[in-house]
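On a predicted model such as this, the values are computed, not experimentally measured, just so you know. Per chain, numbering begins at 1; letters A, B, ... match sequence-line order.
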There are 2 protein chains.
Amino acid sequence: MDQNNVNEAVLPLEKFIAYRLNQAAEKVSQKFALEYKKRYGMTRPEWRTLATIGQFGNITAKQICQHSSMHKTKVSRAIFTLEQRRWLKRTVDQNDRRVEHLELTLQGQKAYLELSDVARNFQDQIYAALGPANTAALETSLDAIETLIDTQ
Amino acid sequence: MDQNNVNEAVLPLEKFIAYRLNQAAEKVSQKFALEYKKRYGMTRPEWRTLATIGQFGNITAKQICQHSSMHKTKVSRAIFTLEQRRWLKRTVDQNDRRVEHLELTLQGQKAYLELSDVARNFQDQIYAALGPANTAALETSLDAIETLIDTQ
DNA sequence: AGTCCATCGTTACATATGCAACAAATTTTT
DNA sequence: AAAAATTTGTTGCATATGTAACGATGGACT
């Protein structure tokens with residue numbers, strides 16, 4: 001495919017960092033999504049919600065939104081689905097009855113630990129492919145990018 | 001917020017590379033999306049389609065799919081919208097009438113060059129924040145990650 | 001030529017998503 | 001204490017997306 005654009009100063013999409021980040025992120029996420037789709041028929045919001053509850057043990061929907069940057073309707077619907085599966089239980093806060101505390105059931109914990117294990121293997125493979133120097137630089141770069149955007 | 005998960009071996013979501021990449025990618029993309037939404041009311045698939053046609057000058061829908069990794073229905077709909085705006089014109093291939101060649105109109109080129117300029121400034125800011133070493137390492141890492149996923 | 005299969009791009013349908021409005025509970029203001 | 005404003009989580013609705021099917025065209029094979 002010939003590139004015959006007149007203007008040499010334009011930025012090729014494949015050199016544009018926003019695009020490159022999205023490409024890599026999407027590939028990695030879709031690869032990992034195969035695991036939770038195949039095993040449990042879960043969606044990405046469901047996996048992230050499960051992972052966040054599993055990580056914190058006891059958490060509210062609002063806190064899941066803050067920690068995972070997911071939209072509150074996504075979180076609300078993911079919680080509903082996980083509850084239907086009996087993977088989490090809700091407890092209404094006694095001091096503020098708007099708030100519900102979420103915890104995984106034993107089944108939910110089992111799925112979380114299994115997927116967490118897959119995630120760790122996945123992570124190890126990527127880090128092995130990058131090597132220690134690039135791994136460190138990647139983490140530093142992602143932090144720097146997020147900080148830049150947040151503080152702009 | 002206390003982290004009182006029982007199992008210390010689990011992978012915190014904010015250390016999981018698939019999640020980190022998505023976070024950074026989404027933040028950067030949404031920031032840049034403000035520009036084309038504000039100026040032209042464009043969507044992300046529309047911007048990417050415009051950028052790909054602008055970059056190659058003359059291209060088919062299928063080639064846009066291959067180069068941008070967008071689903072063909074996304075590309076089809078983006079082409080339709082860009083055509084409605086009179087930002088691109090189609091020419092049916094004389095040797096194979098299933099194929100349409102796409103080119104930007106003058107209006108389309110104008111928008112492309114303007115957004116391309118914004119993109120370059122955006123890129124420069126990110127690279128300035130990262131520094132040369134991390135910039136190089138980031139690009140290497142993204143390449144390595146994509147290659148790893150593709151060859152697995 | 002005629003049949004079968006592959007390819008390019010579009011569209012119908014079902015699902016996923018975000019925005020805005022909402023109910024219920026709580027907090028702040030007067 | 002009453003009224004107003006805020007917060008938590010849910011839901012109605014419109015939009016965005018992917019899958020599968022499709023029409024049109026072209027190529028391969030007989």
(request) Using a heavy-atom cut-off of under 4.0 Å over every strand shown, decide if A/N95 touches base, sugar-phosphate, or nothing. (result) sugar-phosphate
(request) Using atom NE2 of B/H101 as one end and atom P of C/dC8 as the other, report the distance to the nearest whole Å. (result) 12 Å
(message) Using whole Å, what does the distance between atom P of nucleotide C/dC8 and atom CD of B/Q94 come to?
(response) 18 Å
(request) Can you sort out the partners of A/R98 under side chain to side chain donor-acceptor pair (under 3.5 Å), two or more places apart, ordered by chain and number? (result) A/D96
(request) Take atom CG of B/L102 and atom P of C/dG9, then tell me their distance rounded to the nearest Å. (result) 8 Å
(request) Count the heavy atoms belonging to other residues, nucleotides or ligands that lie under 6.0 Å from CG of A/L106, then report whether that count exceeds 12. (result) no
(message) In whole Å, I'd like the distance from the CD1 atom of A/I64 to the C1' atom of D/dT7.
(response) 17 Å
(request) Let me know the distance between CD1 of B/I59 and P of C/dC8, rounded to the nearest Å. (result) 13 Å
(request) Could you list the residues that satisfy side chain to side chain donor-acceptor pair (under 3.5 Å) with B/T73, not counting sequence neighbours? (result) B/H71
(request) Only counting residues at least two apart or in another chain, list the ones meeting ring pair (Phe, Tyr, Trp, His ring centres under 6.0 Å) with A/F32. (result) A/Y36, A/W47, A/F122, B/F16
(message) Please enumerate all residues that pass salt bridge (Lys or Arg N to Asp or Glu O under 4.0 Å) together with A/D150, with sequence neighbours excluded.
(response) B/K27
(request) With sequence neighbours left out, write down each residue that passes side chain to side chain donor-acceptor pair (under 3.5 Å) with B/N22, or none if nothing qualifies. (result) A/S29
(message) Per the ring-ring contact (aromatic ring centres under 6.0 Å, His included) rule, what does the pair list look like for residues 130-152 of chain A, sequence neighbours excluded?
(response) none
Below 3.5 Å between N/O atoms, which protein atoms pair up with nucleotides 3-7 of chain C? Just atom names and distances, please.
| residue | atom | partner | partner atom | Å |
| --- | --- | --- | --- | --- |
| C/dT7 | O2 | B/R98 | NH1 | 2.8 |

(message) What is the distance, to the nearest angstrom, from the CG atom on A/L88 to the P atom on D/dG9?
(response) 13 Å
(message) If you assign B/V99 and A/D96 each to the DNA chain C nucleotide with the nearest heavy atom, which residue ends up on the more 5' nucleotide?
(response) B/V99
(request) Give a yes or no on this: more than 12 heavy atoms of other residues, nucleotides or ligands lie within 6.0 Å of atom CZ of A/R86. (result) no
Nucleotides 10-16 of chain D: which of its N/O atoms have a protein N/O under 3.5 Å away?
| residue | atom | partner | partner atom | Å |
| --- | --- | --- | --- | --- |
| D/dT10 | OP1 | A/R90 | NH1 | 2.5 |
| D/dT10 | OP2 | A/S76 | OG | 2.6 |
| D/dT10 | O5' | A/S76 | OG | 3.4 |
| D/dG12 | O6 | A/R77 | NH2 | 3.1 |

List the atom pairs, donor and acceptor, that lie under 3.5 Å between side-chain atoms in residues 136-145 of chain B and the rest of the protein, sequence neighbours left out.
| residue | atom | partner | partner atom | Å |
| --- | --- | --- | --- | --- |
| B/E139 | OE2 | B/Y127 | OH | 2.6 |
| B/T140 | OG1 | B/A136 | O | 2.9 |
| B/S141 | OG | B/A137 | O | 2.7 |
| B/D143 | OD1 | A/R20 | NH1 | 3.4 |
| B/D143 | OD1 | A/R20 | NH2 | 3.1 |

